[in-house]
Amino acid sequence: MPSSLRVTEGAGSNALVVELHRPEARNAIDRRMVDELHAVCADLERTPRTLVLAGSDGVFASGADIAELRARRRDDALAGINSTLFARIAALPMPVIAALDGYALGGGAELAFAADFRLGTPRLRIGNPETGLGILPAAGATWRLKELVGEPLAKEILLAGRVLTAEEALAARLITEIHAPEDLLQAAHALADRIGRQDPLAVRITKSVFHAPREAHPVIDQLAQAVLFESDAKFDRMQQFLDRRKSS
C-alpha cells in the first residue's frame, strides 16, 4: 500500500519536510496517515529537527476522512486518535512549520493549529465546520484556537462554521505570512533556515519553557537558563559576538 506521506530531508536547515499525500481524498487525514505521522514523530523525538508540514496538489488537508468518521463510535472518540497525534506534534522538541495551501479544514485546521508557525497562500481557506456534521472539533481546536485568535473569533469559527480566507487569517495572526503557492515551500525553508541558525539546545529549551503552564514561571525560566549558562554553545556564541564587535 503506498504511503500517505512524502518525506524528504531539507537542505541546509536540517529540517524534515513531510507532505500529506492523499490526492484522491484532498489529503483527508485517515488512520493510516495518523499512524505514519506517529512514525515521523518518533524519528524527530530521537533526532530532533525542525518539521515542515505541507499538503499536495494545492490542498493542505480537507479534514479528517469522513468515511472513517461516519463509522467511528464512542470508544474511538475516547481513544483520541487525532488529538493524541496532534498533541505529540505540538510537543516535538524542535519547532513545527505548517505550510498551508488551499483547504485546511476540520482535522486539517487542527493539525495546523498544533504547529508553532503557520504560513499560507492567497487561496487558503481555514476553519472548523464540524458542528455542521453533528460533531465537534475534538483534536485541539476548542482550546488552541481561542489561544491563537481570541475567544470571539474562535467562537464564530467553532459555533457558526466561519471559514477564514488567507487575508482574514493573516489579520487574526493565525498565519504570519502569505506567499504565492509556488513560493510557499521556499518561504517555509527560509524560516527553517532562520531557526537552524540559532543554537539548537536554546531553541529546544525555549520552546519547552514557552509552553509551560503559567504557574511554572519564573522558576522554570531560571532552571532552563541555568542549564544554558553551562552549555559550550553559550560560551562559543557569545565569544564570537564579542570578537565580531571588537573587529568592527
Side-chain angles (χ1 to χ4, degrees), residues 13 15 17-18 20 50-55 58-63 82-83 86-87 89-92 94-131 136-198 202-204 206-214 217 221:
S13 62
V17 181
V18 173
L20 311 182
T50 296
L51 171 62
V52 176
L53 288 169
V59 175
F60 180 68
S62 60
N82 286 4
S83 62
F86 298 167
I89 289 172
L92 284 171
M94 291 292 283
V96 179
I97 302 168
L100 308 174
D101 190 16
Y103 294 116
L105 300 174
E110 290 181 298
L111 174 57
F113 301 157
D116 298 287
F117 303 93
R118 285 162 295 279
L119 313 180
T121 70
R123 59 192 182 191
L124 172 64
R125 299 295 182 270
I126 185 167
N128 290 92
E130 282 90 341
T131 53
L136 65 84
T142 56
W143 56 277
R144 283 199 181 99
L145 190 55
K146 178 170 60 176
E147 295 177 354
L148 291 168
V149 302
E151 184 174 320
L153 181 55
K155 282 183 174 178
E156 192 172 357
I157 293 168
L158 297 173
L159 304 180
R162 180 176 174 182
V163 174
L164 302 183
T165 65
E167 290 291 345
E168 290 169 335
L170 182 65
R173 304 303 290 167
L174 185 56
I175 62 174
T176 55
E177 301 173 15
I178 296 177
H179 298 275
E182 62 271 20
D183 297 328
L184 181 62
L185 268 182
Q186 182 180 346
H189 281 296
L191 177 54
D193 288 342
R194 296 203 301 275
I195 295 168
R197 289 194 289 270
Q198 314 308 308
V203 171
R204 290 180 60 179
T206 301
K207 177 176 175 176
S208 295
V209 171
F210 184 92
H211 289 292
R214 176 63 184 87
H217 301 277
D221 305 73

- Should the heavy atoms of other residues, nucleotides or ligands under 6.0 Å from CZ of Phe113 be counted, would the total exceed 12? yes

- Minimal heavy-atom distance between Asn128 and Pro137, with the atoms involved, is ND2-CB, 3.7 Å

- Query: Taking atom CD of Gln186 and atom CG of Asp193, what is their separation to the nearest 0.5 Å?
  - Reply: 10.0 Å

- Message: For Ala112, is there any backbone N or O sitting under 3.5 Å from a side-chain donor or acceptor partner on Arg118?
- Response: yes

- Can you measure from CG (Leu184) to CG (Leu100) and round to the nearest 0.5 angstrom? 7.5 Å

- Note on the structure: Between Asn82 and Ala139, the two heavy atoms sitting closest are CB-CB, 3.8 Å

- At their closest point, which heavy atom of Thr121 faces which heavy atom of Gly102, and how far apart are they? OG1-N, 4.0 Å

- Query: Has the side chain of Gln198 got a donor or acceptor atom that lies under 3.5 Å from a matching backbone atom of Arg194?
  - Reply: yes

- Query: Run the side-chain contact (heavy atoms from CB on, under 4.5 Å) check on Met94 and Asp116 step by step: do they pass?
  - Reply: CA-CA 9 Å; Met94 291 292 283; Asp116 298 287; over 6 Å; no

- Does any N or O in the side chain of Ser208 come within less than 3.5 Å of the main-chain N or O of Arg204, such that one atom is a donor and the other an acceptor? yes

- Query: More than 12 non-hydrogen atoms from neighbouring residues, nucleotides or ligands closer than 6.0 Å to NZ on Lys146, yes or no?
  - Reply: no

- Query: In Å, rounded to the nearest 0.5 Å, how long is the span from CG of Leu158 to OG1 of Thr131?
  - Reply: 8.0 Å

- Is there a donor-acceptor pair closer than 3.5 Å between any side-chain N or O of Glu156 and the backbone N or O of Arg162? no

- Query: After noting the C-alpha distance and the side-chain angles of Phe60 and Leu111, does the key distance pass the side-chain contact (heavy atoms from CB on, under 4.5 Å) rule?
  - Reply: CA-CA 10 Å; Phe60 180 68; Leu111 174 57; 3.9 Å; yes

- Task: With rounding to the nearest 0.5 Å, note down the distance linking NZ in Lys155 to CG in Leu145.
- Result: 12.5 Å

- Query: Between Ile175 and Ile126, does a side-chain contact (heavy atoms from CB on, under 4.5 Å) hold up when you go through it step by step?
  - Reply: CA-CA 10 Å; Ile175 62 174; Ile126 185 167; 5.5 Å; no

- Item | Non-hydrogen atoms of Gly58 and Asp101 that approach each other most closely | CA-OD2, 3.5 Å

- Would you say the side chain of Pro95 lies within less than 4.5 Å of the side chain of Thr50, judging by non-hydrogen atoms? yes

- Query: Going by heavy atoms in the side chains, are Leu119 and Thr176 under 4.5 Å from each other?
  - Reply: yes

- Message: On a heavy-atom basis, which atom in Ala15 and which in Val52 lie closest, and how many Å separate them?
- Response: CB-CG2, 4.4 Å

- Message: Taking Thr165's backbone N and O only, do any of them form a donor-acceptor pair with Glu168's side chain (distance below 3.5 Å, no angle check)?
- Response: yes

- Calculate, to the nearest 0.5 Å, the distance between atoms CH2 and CG belonging to Trp143 and Leu148 respectively. 9.5 Å

- Item | Residue pair Leu105 / Ser62: nearest heavy atoms and the distance that separates them | CB-O, 3.5 Å

